[in-house]
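Below you'll find the structure, written out as structure tokens, and then a few comments.
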Amino acid sequence: MGEKIMYDTIFARSFSRYDQKKLGYGAFLACFLIALSFSTVFKPYLGPLTVNKRLSINDGLKMVRANDTISSNATFFSNVVISFNATVEMVSDGSSNMSSTSRNDTIGSSTSSSKTLGFNYTNGVIRNDTRLMPVLEINNGSSSQQGQGGVPEKIIEPICNIEGRTEFCEMNGDIRINGKSSTVLQVGMMTENSSWIIGPYARKGDREALSHVTKWRVKTGVKDGDNGVHQCNRYHGVPAVVFSLGGYAGNNFHDYTDIIIPLYLTSRRFNGEVKFLITNKNPWWINKFKTILRNLSHYDPIDIDNEQQVHCFPTVIIGLKRNPKELTIDPSRSPHSMKEFRQFLRTAYSLKKTTAVKLTNNNRKKQPRLLILSRKKTRAFTNTKAIATMARTLGYKVTIAETDSNVAKVAETINACDVMMGVHGAGLTNMVFLPSNAILIQILPIGGFEWLARTDFEEPSKDMNLRYLEYKIKTEESTLIQQYPPYHEVIRNPGAIAKQGWDAFKAVYLQQQNVKLDIHRFRPILSRAIELLHE
């Protein structure tokens, strides 16, 4: 204590109060500079700080996980931005400019590496729709493989799915499609060298259907310069969907359950900014459903099988998503529903009627409209006029029509009706155009159609907000009794024919049978339909 008093006395006599204050400030500044120098010298040796971020993908497919290691001796990841529904433009000063600029149709030749961030990097613009982003692992501190400027490459794995009735693969990055060799390549990603064979038609397990579908090879982990990796001839700034018009395309039921509804499920998220690459192209089919295609995509379909150029996209979906059940969208597994799909059809074809007529006892002038679906070849009504006459006595306005390839006309005719009846067959698929609360009447021929009737039309009709009635004909109402004796297996035991396989069943009960309805026996079904329209 004495030494401290002596030091303070000497210090006070040697310096004025003003000099003491200046000296104190100088000492403080010197200490600060020494501490700063110490931090600068030893900071590179300090451990890194790890930050974990989780971003939710809109479509619920996968979770993006980014493990960013921030180190003091590198600023290489300070300008990375992962954005949803936006275009990120990288600028020279290290900052990022996020804009809502939409993707262009075609992007010019790439002059920058597409590997730096794992996106389609072209002319200084990163373009990617993160709604399809697969599981993404970013490890900036521990990766042994480095991209440009010490930036580790992103690992973007394709999402390949094998579900109940379909298989499809979603890929992001530098995706190259060679139609001549039926290959889809993911180039420049840090992925294992893997490959899959996909038939892009949504009826997996059906050998007959898939025998008419071109098989495509999907490969990942390839690099520029590898054997079979071609340079891009055309760059596209929008995603692509690859699907087949093989299989059972041309049959109205399969057109909707295998192609149209799955295509809607797969491409609707893009709001038209998507290109359709069609394999096994069928011009007749494309012309028939041109209205639907134009409302799902703003671009003309590409016949990819006959393309000589290599096409490149930021996102490619090969194959189509679909629900395991026929003519159905499960809203618990999809952001869409059959109600939404039917509204899409009404908008696409400018259909006016949204709800079936509501009958009341006070207004007897309203007449429900009945549509009788006629057929010319098989499973046709042989007494259509008699059916129509009986229906008119119950108060129906009756329309008799056969469906054809003019979808717009068919849609308008069916949408105007409140009740539609027909023998089991692809024509009943047009119930998708009926207004809500309308009634579908399915006529079941002999042969054991119960399972087909239930899965193909009864169950789907409920998801479409339709009422369903069913009429099973007796043996006397089938024209098969004119071709086979009463004791024949075709008449007596249809199950035995079914055991011979689908082809045998189809040849007899689908292709040889017509129906002559018992008017008196069928009348209560039409009466019940009128009762439902009162409810």
Side-chain angles (χ1 to χ4, degrees), residues 59 85-87 100-110 119-120 122-123 125-132 168-180 182-185 200-202 214 216 232-246 249 255-256 259-321 336 341 344-345 347-350 407-408:
D59 295 312
N85 305 320
T87 298
S100 59
T101 307
S102 61
R103 300 180 181 89
N104 296 324
D105 177 348
T106 304
I107 305 175
S109 299
S110 176
F119 292 91
N120 183 28
T122 319
N123 293 339
V125 178
I126 297 175
R127 300 184 183 279
N128 187 48
D129 190 335
T130 53
R131 290 174 296 180
L132 288 178
F168 61 92
C169 190
E170 303 182 8
M171 310 172 73
N172 291 292
D174 182 0
I175 313 300
R176 305 182 188 182
I177 299 180
N178 190 333
K180 293 187 295 183
S182 301
T183 56
V184 180
L185 306 178
Y201 182 80
T214 298
W216 282 71
C232 294
N233 300 124
R234 289 189 63 193
Y235 290 89
H236 303 264
V238 296
V241 175
V242 181
F243 65 96
S244 172
L245 291 183
D255 287 340
Y256 282 92
I259 304 175
I260 296 297
I261 296 177
L263 185 61
Y264 174 86
L265 274 175
T266 306
S267 64
R268 186 60 172 168
R269 70 178 74 174
F270 300 116
N271 295 319
E273 288 301 311
V274 61
K275 290 193 174 185
F276 295 151
L277 310 187
I278 298 178
T279 183
N280 311 117
K281 184 180 179 181
N282 184 331
W284 176 87
W285 192 98
I286 293 174
N287 183 64
K288 176 181 178 180
F289 293 106
K290 59 187 177 184
T291 299
I292 292 177
L293 294 177
R294 288 172 181 171
N295 278 270
L296 289 176
S297 171
H298 299 157
Y299 308 92
D300 291 333
I302 297 176
D303 181 5
I304 194 62
D305 293 338
N306 293 316
E307 281 293 311
Q308 302 300 312
Q309 297 179 316
V310 175
H311 293 256
C312 297
F313 297 86
T315 296
V316 170
I317 305 175
I318 178 167
L320 300 175
K321 304 176 183 181
H336 307 290
F341 173 71
F344 164 78
L345 293 179
T347 301
Y349 289 102
S350 301
V407 181

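Scope of the values below: all heavy atoms of this structure, side chains included, with no hydrogens, waters or symmetry mates.
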With Y349, which residues qualify under ring-ring contact (aromatic ring centres under 6.0 Å, His included), at least two apart?
-> F433
If you look at every heavy atom in G179 and W216, which pair is closest and at what distance?
-> CA-CH2, 4.0 Å
Aromatic ring pairing F344/Y264, orientation class (parallel under 30°, perpendicular over 60°, tilted between) = tilted
Mind checking the CD1-CD1 spacing from I175 to I317? Nearest 0.5 Å is all I need.
-> 11.5 Å
Nearest-0.5 Å distance, CD1 of residue I177 to CD1 of residue I318 = 7.0 Å
Search all heavy atoms of N233 against all heavy atoms of Q308 and return the closest pair with its distance.
-> OD1-O, 4.5 Å
Please list, chain by chain and in numerical order, all residues satisfying side-chain hydrogen bond (donor to acceptor under 3.5 Å, both in side chains) with S297, sequence neighbours excluded.
-> none
Between H298 and V238, is any pair of side-chain heavy atoms under 4.5 Å apart?
-> no
Please check if the side chain of S244 supplies one atom and the backbone of P200 the other of a donor-acceptor pair under 3.5 Å.
-> no
N/O donor to acceptor pairs below 3.5 angstrom from side-chain atoms of residues 284-291, sequence neighbours left out:
from	atom 1	to	atom 2	distance (Å)
W285	NE1	D255	OD1	2.8
K288	NZ	N252	OD1	3.3

Going through the checks in order, is the side chain to side chain contact (heavy atoms under 4.5 Å, CB included) test met by F243 and L263?
-> CA-CA 8 Å; F243 65 96; L263 185 61; 3.7 Å; yes
Closest heavy-atom pair, R176 versus C312, reported as atoms and distance to 0.1 Å, is CG-SG, 3.4 Å
Could you give me the CA-CA distance, side-chain angles and deciding distance for L296 and V274, then say whether side chain to side chain contact (heavy atoms under 4.5 Å, CB included) is met?
-> CA-CA 8 Å; L296 289 176; V274 61; 6.0 Å; no
Where is the tightest heavy-atom contact between G246 and Y201, given as atom of each residue plus distance?
-> O-CE1, 3.6 Å
Interatomic distance, H236 atom NE2 to T315 atom OG1 [nearest 0.5 angstrom] | 13.0 Å
Separation between CZ (F341) and CD1 (I261), nearest 0.5 Å, reads 4.5 Å
T214: side-chain hydrogen bond (donor to acceptor under 3.5 Å, both in side chains) partners, not counting sequence neighbours = N280
Working to the nearest 0.5 Å, report the span between CG of L293 and OH of Y299.
-> 15.5 Å
Do any pairs count as a salt bridge (Lys or Arg N to Asp or Glu O under 4.0 Å) and have a residue in residues 296-310, sequence neighbours left out, and if so which ones?
-> none
To the nearest 0.5 Å, atom NZ of K180 lies from atom CD of Q309 at 10.0 Å
